[in-house]
Amino acid sequence: MESEGKDSPRPGRSWHHGRMMPMNSEDPHATASPAPANDATASTASDLGHTEAELVAARRDKLRRWRDELGLEPFGQRVDGIVPLAHARSQFDESAHADFEAARAAAAGSGAPPEDRRAPVRVAGRIMQHRDLGKLVFFWLRDHSGDLQVTVSKAQVPPATFALAKKLDYGDIVVADGRIGRTQRGEVCVWAASVEVHAKSLAPPPEKWHGLTDPELRYRQRYVDMYANPETIRTFQLRSGMVSFVRRWMDARGFLEVETPMMQPLAGGAAARPFVTHHNTLDMQLYLRIAPELYLKRLLVGGLPKVYEINRNFRNEGVDRSHNPEFTMMEVYQAFGDCFTMLELTESLLHELAVFMAEERARHGMSQPPEGAHARRGGPSLSYGKHLVDWSKPFERITYGDLFERAVGFPMTDFAKVRERARHLGVDEAKMDDWFVVNEVFEAIAEPTLDPARPTFVLEYPSAISPLTRPNRARPEIADRWDLFIGHMEIGPAYSELNDPDIQLAKFTEQLRGGGGEADEDERTFRSLDEDFVQALRVGMPPAGGLGLGIDRLAMLLTDSPTIRDVILFPLLRTE
RNA sequence: GAUCGCGUAGCUCAGUUGGCAGAGCAGCCGCCUUUUAAGCGGCCGGUCCUGGGUUCGAGUCCCAGCGCGAUCACCA
């Protein structure tokens, strides 16, 4: 395919005939004149504030003048050879700069061009700062790699280029060619030979110094947040690196990544309310999946020994700092494993992931923990808010019962005292089974005592509160399950999966009847028996370990983000 | 869904006891060849979230609603 290279400026458009104006118009109303009627994207004063309309009009007026008076087309085309700003900056060479300055001084007045060994670069970015000092214009560009200054000297560029450079706005997307040098003040910059606008920003920009701070605006206009707040791009670069690492790690251990249905005729695999949707041609009610579990287990039946899926789940529930209605989870199943297979896998994965993310955070310029922090354990430590999470192996392990007794002060089997404590907590325990009262007290009192700075596996959950989980063969009163907590968040559970179809069917049936008293009526209406899944178990599923890891919450921990919305590009918001 | 807090210029924020609606940034005009949140002079910019109410007078007090945030519930 033929490479067209840089686009060239187009002549002014004929439909501006009669609207030509001198650059320094004396008509005070000129900047407030309405946009051309044939401009389909024109905003009107009625859908913007009066003042915002004026700001937009000023930008449109520049656009028009560039076209009419400078013959430029400020919405550009393909440009080849652009290097990231950070790369351009790295091309700076002090000796080349010094040699050029000396050669320029020596050549002054001779007319001969001075020898110039400074690296030529082509850069592109969005204008973040702009200063017009008369015959010298400075502006800063920003791209995904960082910021870089461009300096434009009236003496070194064509008049039209300089006129353009003087009128650039915060937010415009600019391509500049030039040599990498520095200013007298020592700022590394591109000394521009050419400057072109390739996208005129018509929207009023956020505040220059504070950026965009209103959380709602940051999420609604993520595209503004991303350029105004560099840490936003960094967070998503880090998240992407994290997910890639997890995939590489799983792939290297022989796990096959698969994709199972997100639209399911039955929403199973978790206790949650689903979203409902509808297929027109098949006239069929469908649910957005609440978990991939039942499909992944079918794959074990089919003969895949090690599978995982990283993808979205949808739960029709509340929104808070650690919940978004659509969220990303990794589920893993390994034939002939159990929940301890999954524990070892999780511990190794997260430890190595934290080592990797420590390097990535450093590479992206995030501040690091003080030297020697947690060095005695030899593991990476990564700040998360006010905590310094110690990701060294082994992670902490504690049983449910021990944690309960340690935090509450008496054994969880002392149901009378448990009920008394629950009443003090305001729990309406009278109609609840003993073990669900225990769990109320556990979640209210024991879970918060876990050290947020140490990943902790909570083991040996009571079978009574894990109705779908396989009981331990030697000690049926405990479930073969654990939960991992980090930073006061549940990161994920793992199970020794049930593969006896008769027991599975019995448990499903009991759950459908509302057994255990945990599910409210509203939720039960969405529950239904997945008979095909039971049939799959009848075909025969190997015993297996299963794991679920909350990818968004891991991203929060590893990018030091206080809310799940900071690690989801477009979190759910009410429509305006 | 509940409780609490917040909502003022395009953005970031002040606004006293209820008494003329404010600043910085951004924008427009002018000056400057070394700026680093540039500077100087001049100018423009408001549905004080919405709707009621109290009052001579409401950004401010009261009620309702909407939106956002925090906590809780649900949940991972």
Side-chain angles (χ1 to χ4, degrees), chain A residues 23-32 46 48-59 61-62 128-140 147 149 151-156 162 167 169-171 181-189 191 202-221 224 228 269-273 290-291 313-331 426 443-444 483-485 489-493 518-520 522-523 548-554 562-565 573-576:
Chain A
M23 202 68 173
N24 298 328
S25 168
E26 292 181 2
D27 178 358
H29 303 295
T31 58
S46 60
L48 298 169
H50 175 58
T51 57
E52 183 172 1
E54 284 183 356
L55 295 173
V56 172
R59 285 170 176 253
D61 197 54
K62 283 184 187 175
M128 300 306 293
Q129 299 254 20
H130 182 264
R131 285 186 201 129
D132 173 4
L133 276 76
K135 298 189 181 63
L136 200 57
V137 171
F138 303 100
F139 55 87
W140 293 357
D147 292 357
Q149 182 173 296
T151 308
V152 188
S153 165
K154 186 177 184 181
Q156 293 171 23
F162 196 69
K167 294 295 177 187
D169 283 324
Y170 186 15
R182 62 168 170 80
T183 64
Q184 285 176 18
R185 299 297 178 90
E187 181 77 21
V188 172
C189 68
W191 282 92
L202 296 173
E207 209 265 354
K208 176 167 81 175
W209 181 243
H210 298 91
L212 196 64
T213 61
D214 176 16
E216 183 180 1
L217 269 180
R218 291 184 57 200
Y219 303 136
R220 284 194 194 282
Q221 299 190 38
V224 176
R273 269 180 282 270
I290 54 176
N313 296 280
F314 308 85
R315 299 190 182 175
N316 207 337
E317 278 143 11
V319 172
D320 67 25
R321 213 170 49 182
S322 59
H323 294 82
N324 193 64
E326 57 176 303
F327 66 101
T328 300
M329 183 165 64
M330 175 168 80
E331 283 205 10
E443 289 181 0
D483 264 54
L484 173 63
F485 292 86
M489 287 188 292
E490 186 186 2
I491 299 303
E518 52 159 358
D520 62 32
D522 192 22
E523 180 186 326
L549 282 182
I551 294 296
D552 307 286
R553 290 179 179 179
L554 263 184
T563 89
I564 198 167
R565 294 176 154 204
L573 297 171
R574 273 178 219 278
T575 51
E576 281 183 295

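What you see is a predicted model, and the numbers here were worked out from it, not measured in a lab.
Taking 4.0 angstrom as the limit, A:T213 places a side-chain polar atom (N or O) nearer than this to OP1 or OP2 of B:rC13. For A:R574 and B:rC66, the shortest distance from a side-chain N or O to OP1 or OP2 is not below 4.0 Å. Between A:K167 and B:rC29, a side-chain N or O to OP1/OP2 separation shorter than 4.0 Å is present. OP1 or OP2 of B:rA76 has not a single side-chain nitrogen or oxygen of A:R553 nearer than 4.0 Å.
Nucleic acid contact class of A:Q149 (heavy atoms, under 4.0 Å, all strands): base. Here A:N324 lies in heavy-atom contact (under 4.0 Å) with a base. Looking at heavy-atom distances under 4.0 Å, A:A155 makes contact with a base. Counting non-hydrogen atoms under 4.0 angstrom, A:G550 reaches nothing in the nucleic acid. Residue contacts for A:G211: at a heavy-atom cut-off of 4.0 Å it reaches the sugar-phosphate backbone alone, with no base atom in range. Among the protein residues, A:T183 comes within range of the nucleic acid bases, having at least one heavy atom under 4.0 Å from a base atom. Using a 4.0 Å heavy-atom criterion, one finds that A:T328 contacts no nucleic acid atom at all.
In this structure, A:D132 contributes its side chain and A:V137 its backbone to no donor-acceptor pair below 3.5 Å. No donor-acceptor pair under 3.5 Å is formed between the side chain of A:K167 and the backbone N or O of A:K62. Judged purely by atom type and a 3.5 angstrom limit, A:R553 has no side-chain atom pairing as donor or acceptor with the backbone of A:I491.
B:rC28: Watson-Crick or G-U partner is B:rG42, with both key distances under 3.5 Å. Across the strands present, B:rU47 finds no partner; the criterion is a Watson-Crick or G-U wobble pair with both atom distances under 3.5 angstrom. Pair assignment for B:rU16: none, as no Watson-Crick or G-U wobble contacts are both less than 3.5 Å. With a cut-off of 3.5 Å on both pairing distances, the Watson-Crick or G-U wobble partner of B:rC68 is B:rG5. Partner assigned to B:rU34 is none, using Watson-Crick or G-U wobble distances below 3.5 angstrom.
The nucleotide whose nearest atom lies closest to any side-chain atom of A:D169 is, among B:rU33, B:rA76, B:rG27, B:rG27. Here B:rU34 is the nucleotide among B:rU34, B:rC11, B:rG27 with the atom lying nearest to any side-chain atom of A:L136. Of the listed nucleotides (B:rA70, B:rC11, B:rC28), B:rA70 has the atom at the smallest distance from the side chain of A:R321. Listed nucleotides B:rU33, B:rG27, B:rC25 differ in distance to A:K62; the shortest reach to its side chain belongs to B:rG27. Of the candidates B:rG69, B:rG67, B:rG27, B:rG69 carries the atom nearest the A:R565 side chain, counting heavy atoms from C-beta on. Side-chain atoms of A:W140 lie closest to B:rU36 of the nucleotides B:rU36, B:rG69, B:rC11. Here the side chain of A:E216 is nearest to one of B:rG67, B:rC74, B:rC28, namely B:rG67. The listed nucleotides are B:rG67, B:rA73, B:rA70; the one nearest the side chain of A:D320 is B:rA73. With B:rU12, B:rU36, B:rA76 as the choices, the nucleotide that has an atom nearest any side-chain atom of A:E187 turns out to be B:rU36. Of the listed nucleotides (B:rU33, B:rA37, B:rG69), B:rA37 has the atom at the smallest distance from the side chain of A:W209.
Taking atom CG of residue A:L212 and atom C1' of nucleotide B:rC25, one finds them 14 Å apart after rounding to whole Å. To the nearest angstrom, C1' of B:rA26 lies 13 Å from CD of A:E54. Note: CZ (A:R59) to P (B:rC44) measures 21 Å, nearest angstrom. We find that CD of A:E317 is positioned 18 Å from P of B:rA2, with the value rounded to whole Å. For the pair A:R182 CZ and B:rU36 P, the interatomic distance rounds to 17 Å; values are reported in whole Å. Across the protein-nucleic acid pair, A:D132 atom CG and B:rU36 atom C1' stand 16 Å apart, rounded to whole Å. To the nearest angstrom, C1' of B:rG27 lies 14 Å from OH of A:Y170. Computed from coordinates, the A:L217 CG to B:rC49 C1' distance equals 13 Å when rounded to whole Å.
B:rA76 has its base stacked against the ring of A:F327, the centroids being under 5.5 angstrom apart at an interplanar angle below 30°.
Nearest-nucleotide assignment on RNA chain B puts the 5′-proximal partner with A:W191, out of A:I564 and A:W191.
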